[in-house]
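First up is the structure itself, then whatever we jot down about it.
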Number of protein chains: 2
Amino acid sequence: MTDTPTRPATSVDVARLAGVSQATVSYVLNDRPGARVGEETRRRVREAAETLGYVPHASARSLRTGRSGLVLLALSVAPTGRLVAGILDDLEAAFRERGYTLVQYGERRLRGVTAARAWAELRPVAVIAETYRLTEAAVRLLRSSGVRAVVGFGEGPSPLVATSVIDHAEIGSLAAGHLHDRGRRRLAAIVPKEEGLRKMGLGRLRGAERAAEARGLTVERVDLAFDEDEAAAAVAAWRSRDPGERPDGVFAYNDDYAMLLMSALLDAGVAVPGDVALAGCDDLPQARFTRPRLTSVRVESPPPDAGLVAAVDAAIRQERPLNPGEVLSRVQCALIARDSS
Amino acid sequence: MTDTPTRPATSVDVARLAGVSQATVSYVLNDRPGARVGEETRRRVREAAETLGYVPHASARSLRTGRSGLVLLALSVAPTGRLVAGILDDLEAAFRERGYTLVQYGERRLRGVTAARAWAELRPVAVIAETYRLTEAAVRLLRSSGVRAVVGFGEGPSPLVATSVIDHAEIGSLAAGHLHDRGRRRLAAIVPKEEGLRKMGLGRLRGAERAAEARGLTVERVDLAFDEDEAAAAVAAWRSRDPGERPDGVFAYNDDYAMLLMSALLDAGVAVPGDVALAGCDDLPQARFTRPRLTSVRVESPPPDAGLVAAVDAAIRQERPLNPGEVLSRVQCALIARDSS
DNA sequence: TTGTACGCGTTATCAG
DNA sequence: CTGATAACGCGTACAA
């Protein structure tokens with residue numbers, strides 16, 4: 001009864017116990033169609049693997065085959081929130097079905113090439129990362145380290161990589177169009193001051209502007225931090241204007257900002273939607289708990305995000321390369337009208 | 001000018017370009033203290049690595065050294081929400097500082113041993129997973145595949161593994177104590193009907209009961225799904241009782257449920273906090289946007305979660321084993337009193 | 001039908 | 001101070 005700290009079992013151990021060669025173990029466990037192995041032998045191998053608790057060594061396999069089977073998802077979950085969290089499960093299942101292993105790699109603190117280097121060390125077959133992180137140098141590094149598919153996520157099309165796009169402009173456009181439909185004529189759109197959100201805010205603003213322009217209106221840009229005092233100040237600033245100059249329809253970037261703004265408006269005695277109609281984005285569960293209930297643009301990915309996964313898979317097996325600039329999948333938007341507008 | 005699809009550069013390539021042996025490259029790039037290499041040679045090696053875009057191959061290294069440096073975090077982000085998202089960054093930075101690579105592995109759909117097998121294939125040095133997933137079989141499999149540190153996360157201490165604990169009882173206790181301090185005597189606690197939340201809900205209920213008992217009170221258990229109609233029904237049920245039998249202080253499990261309940265109460269004309277005081281948990285940003293503002297128990301991990309990381313590190317380098325049952329770190333709770341109580 | 005031998009990229013040992 | 005060489009665990013062509 002040796003009490004060695006039981007080194008993990010290798011395929012050689014399995015072979016020894018089953019009384020066959022290591023190659024046979026490999027044939028049986030991956031059941032290669034080419035190799036014909038006796039039924040009895042297979043059973044013995046399987047049994048031996050079972051009793052030893054054998055688990056193949058992913059590193060060794062990837063070193064031998066030259067493919068890690070790793071799909072690296074490098075998204076910062078926190079800010080993106082709900083949307084990404086929901087997508088994750090589906091994405092994981094879809095990749096797993098095709099034999100890949102989806103792994104998430106935060107590293108929000110590493111920038112640019114440094115992050116890319118960290119990713120590249122794992123030799124993933126694919127990297128899916130927020131588009132803004134995929135600088136030219138980063139993409140070059142990934143490509144040269146053997147990554148077969150580099151996909152941007154979140155922002156608009158990029159000239160560097162294929163992307164899965166959230167069309168922020170459409171979100172803004174949907175919201176602005178809705179506010180106009182509800183009879184609002186003096187529109188405003190919040191742009192968050194927070195770095196990392198601002199870019200998306202500008203995209204949404206641009207969409208709102210386009211929709212407004214098509215209807216002969218303009219959109220007032222309001223930069224706002226996620227802070228109660230700032231919100232109160234913004235509301236006070238509006239109230240100090242002539243009534244005819246105050247916005248009467250506000251797209252608040254997202255539901256969080258919309259709720260912030262709604263509380264500031266109600267505190268100041270501004271009626272919602274009477275004086276100001278409000279629309280957010282994300283369709284948070286909490287959006288239904290405000291009074292009035294919050295109108296919101298719901299953003300959701302196409303079911304198992306099949307387009308993306310299939311395209312990545314094809315690129316990995318080098319059937320069809322991913323073209324820079326290509327849009328692999330587009331997140332869907334829909335306006336959920338409630339009482340705040 | 002060959003146009004080969006540039007195979008990733010290996011350390012041999014670097015050696016060739018620098019005109020040294022491959023071993024020297026290894027010495028220089030990892031600067032091993034033992035080996036003395038000339039300054040000029042080091043420079044040449046570094047330069048060669050740079051121009052080739054050399055990135056070490058993690059699989060090869062881990063195969064050779066027997067250590068992957070991978071710390072696997074197997075948490076389902078979505079349900080745990082905000083708390084975990086915040087912790088993640090700190091955890092990642094802390095592990096990185098010590099030379100590990102934190103990687104997140106969702107796989108929420110795989111159960112028990114199947115999930116453990118998938119994790120084990122990557123030969124991580126440590127696995128941090130929700131405690132309920134770490135069954136005896138799973139832990140055995142992980143241990144036998146060489147994982148040096150297995151840590152449970154989220155629920156109370158486990159007899160199988162060391163854990164990082166969120167003390168749900170304390171959360172309930174804090175909330176109930178606070179409600180009592182505010183003069184409430186007929187307490188109730190929400191227990192979510194959702195599978196996966198219920199267990200935590202029961203833990204929080206138990207804590208509330210303990211605190212109540214110490215003050216000569218009891219706590220009414222209210223099972224509730226996250227649904228507006230159910231909330232309205234619960235409120236209606238309360239209102240149909242004698243006034244002296246209605247709860248006047250409710251701990252609503254978390255802020256989401258508290259907001260749900262608050263909207264149902266206000267819809268029914270029940271004053272908050274006049275008739276019913278309300279407390280949630282998580283201190284969501286949105287908790288400050290309700291009127292009245294929501295009292296909440298804030299839950300946060302000790303700064304960079306130093307205890308956990310240090311203990312895991314020590315276990316990995318086999319300095320101090322992790323004892324089953326041991327509590328490595330305990331999430332901190334604090335009550336944030338606002339207007340709803 | 002099964003076993004042998006080799007190589008993937010790294011690191012560590014040991015001889016020069 | 002530097003350069004061969006072996007070994008890590010696995011997959012597969014080829015020999016038996």
Side-chain angles (χ1 to χ4, degrees), chain A residues 7-45 48-49 52-70 99 120-125 144-146, chain B residues 6-45 48-49 52-70 99 120-123 125 144-146:
Chain A
R7 191 180 43 75
T10 73
S11 61
V12 174
D13 298 329
V14 176
R16 201 161 25 226
L17 181 57
V20 300
S21 85
Q22 182 271 339
T24 307
V25 172
S26 184
Y27 285 141
V28 172
L29 263 33
N30 308 336
D31 48 22
R32 307 280 325 158
R36 312 200 65 72
V37 179
E39 200 47 59
E40 166 61 12
T41 310
R42 303 178 97 89
R43 211 190 45 69
R44 281 219 318 282
V45 169
L52 288 179
Y54 170 72
V55 176
H57 192 307
S59 290
R61 169 181 282 150
S62 95
L63 191 57
R64 174 63 240 210
T65 60
R67 258 191 215 26
S68 67
L70 230 49
E121 290 192 0
L122 298 179
R123 293 290 193 278
V125 289
S144 79
S145 81
Chain B
T6 32
R7 192 181 41 76
T10 72
S11 59
V12 175
D13 299 328
V14 176
R16 202 164 21 230
L17 181 57
V20 300
S21 88
Q22 184 274 339
T24 308
V25 173
S26 184
Y27 283 139
V28 172
L29 262 35
N30 308 336
D31 47 21
R32 312 276 324 156
R36 313 199 63 73
V37 178
E39 200 47 59
E40 166 60 13
T41 310
R42 303 177 98 91
R43 211 190 45 69
R44 281 219 318 282
V45 169
L52 288 178
Y54 169 72
V55 175
H57 194 306
S59 290
R61 169 182 283 150
S62 97
L63 189 57
R64 171 62 241 211
T65 61
R67 223 167 250 112
S68 66
L70 229 53
E121 289 192 2
L122 297 179
R123 294 289 194 277
V125 289
S144 79
S145 80

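Chain A is the first sequence line, chain B the second, and so forth, proteins listed ahead of strands; every chain is numbered from 1.
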- prompt: What residues form a side-chain hydrogen bond (donor to acceptor under 3.5 Å, both in side chains) with A:Ser11, not counting sequence neighbours?
  reply: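 Here the qualifying residues are A:Gln22.
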message: So A:Arg123 and B:Pro8, do their side chains get closer than 4.5 Å, heavy atoms only?
response: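 They are in side-chain contact.
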Please list, chain by chain and in numerical order, all residues satisfying side chain to side chain contact (heavy atoms under 4.5 Å, CB included) with [X], sequence neighbours excluded.
{"X": "B:Thr24", "value": "B:Val20, B:Ser21, B:Val28, B:Val37, B:Thr41"}
{"X": "A:Arg61", "value": "A:Asn30, A:Pro56, A:Thr65, B:Glu121"}
{"X": "A:Leu52", "value": "A:Ala9, A:Asp13, A:Val14, A:Leu17"}
{"X": "B:Leu63", "value": "A:His57, A:Ala60, A:Leu63"}

Give [X] one of three labels, base, sugar-phosphate or nothing, depending on what nucleic acid heavy atoms sit under 4.0 Å from its own.
{"X": "A:Gly66", "value": "nothing"}
{"X": "B:Thr41", "value": "sugar-phosphate"}
{"X": "A:Val25", "value": "nothing"}

Please state how far atom [atom1] in [X] lies from atom [atom2] in [N], giving the value in whole angstrom units.
{"X": "B:His57", "N": "D:dC8", "atom1": "NE2", "atom2": "P", "result": "19 Å"}
{"X": "A:Arg67", "N": "C:dG7", "atom1": "CZ", "atom2": "C1'", "result": "16 Å"}
{"X": "A:Leu52", "N": "D:dG9", "atom1": "CG", "atom2": "C1'", "result": "15 Å"}
{"X": "A:Asp31", "N": "C:dT1", "atom1": "CG", "atom2": "P", "result": "15 Å"}
{"X": "A:Leu29", "N": "D:dT12", "atom1": "CG", "atom2": "P", "result": "13 Å"}
{"X": "A:Arg123", "N": "C:dG9", "atom1": "CZ", "atom2": "P", "result": "9 Å"}

field: Pairing residues for A:Arg43 by the salt bridge (charged side-chain N to carboxylate O under 4.0 Å, His left out) criterion, not counting sequence neighbours
entry: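 Partners of A:Arg43 under the salt bridge (charged side-chain N to carboxylate O under 4.0 Å, His left out) test: A:Glu40, A:Glu47.
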query: Does any pair with a residue in residues 18-30 of chain B pass salt bridge (Lys or Arg N to Asp or Glu O under 4.0 Å), and if so which ones, sequence neighbours excluded?
result: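 Not a single pair qualifies under salt bridge (Lys or Arg N to Asp or Glu O under 4.0 Å).
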query: Between C:dG3, C:dG9, D:dG3, which nucleotide gets closest to the side-chain atoms of A:Leu63?
result: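 Nearest listed nucleotide: C:dG9.
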- request: Compare side-chain N and O positions of B:Ser59 against OP1 and OP2 of C:dT10 and report whether any pair is under 4.0 Å apart.
  value: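 Checking B:Ser59 against C:dT10: no side-chain N or O falls below 4.0 Å of OP1 or OP2.
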message: I want to check one thing: is the phosphate of C:dG9, taken as OP1 and OP2, less than 4.0 Å away from some side-chain N or O of B:Thr10?
response: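 Checking B:Thr10 against C:dG9: no side-chain N or O falls below 4.0 Å of OP1 or OP2.
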- prompt: Between the two end axes of the helix from C:dT1-D:dA16 to C:dG16-D:dC1, each built from 5 base pairs, what angle do you get to the nearest 10°?
  reply: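 Comparing the axis at each end, I get an angle of 50°.
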query: Can you give one letter per nucleotide of nucleotides 11-16 of chain C, going 5' to 3': B for a protein heavy atom under 4.0 Å from the base, S for sugar-phosphate only, - for none?
result: BBBB--
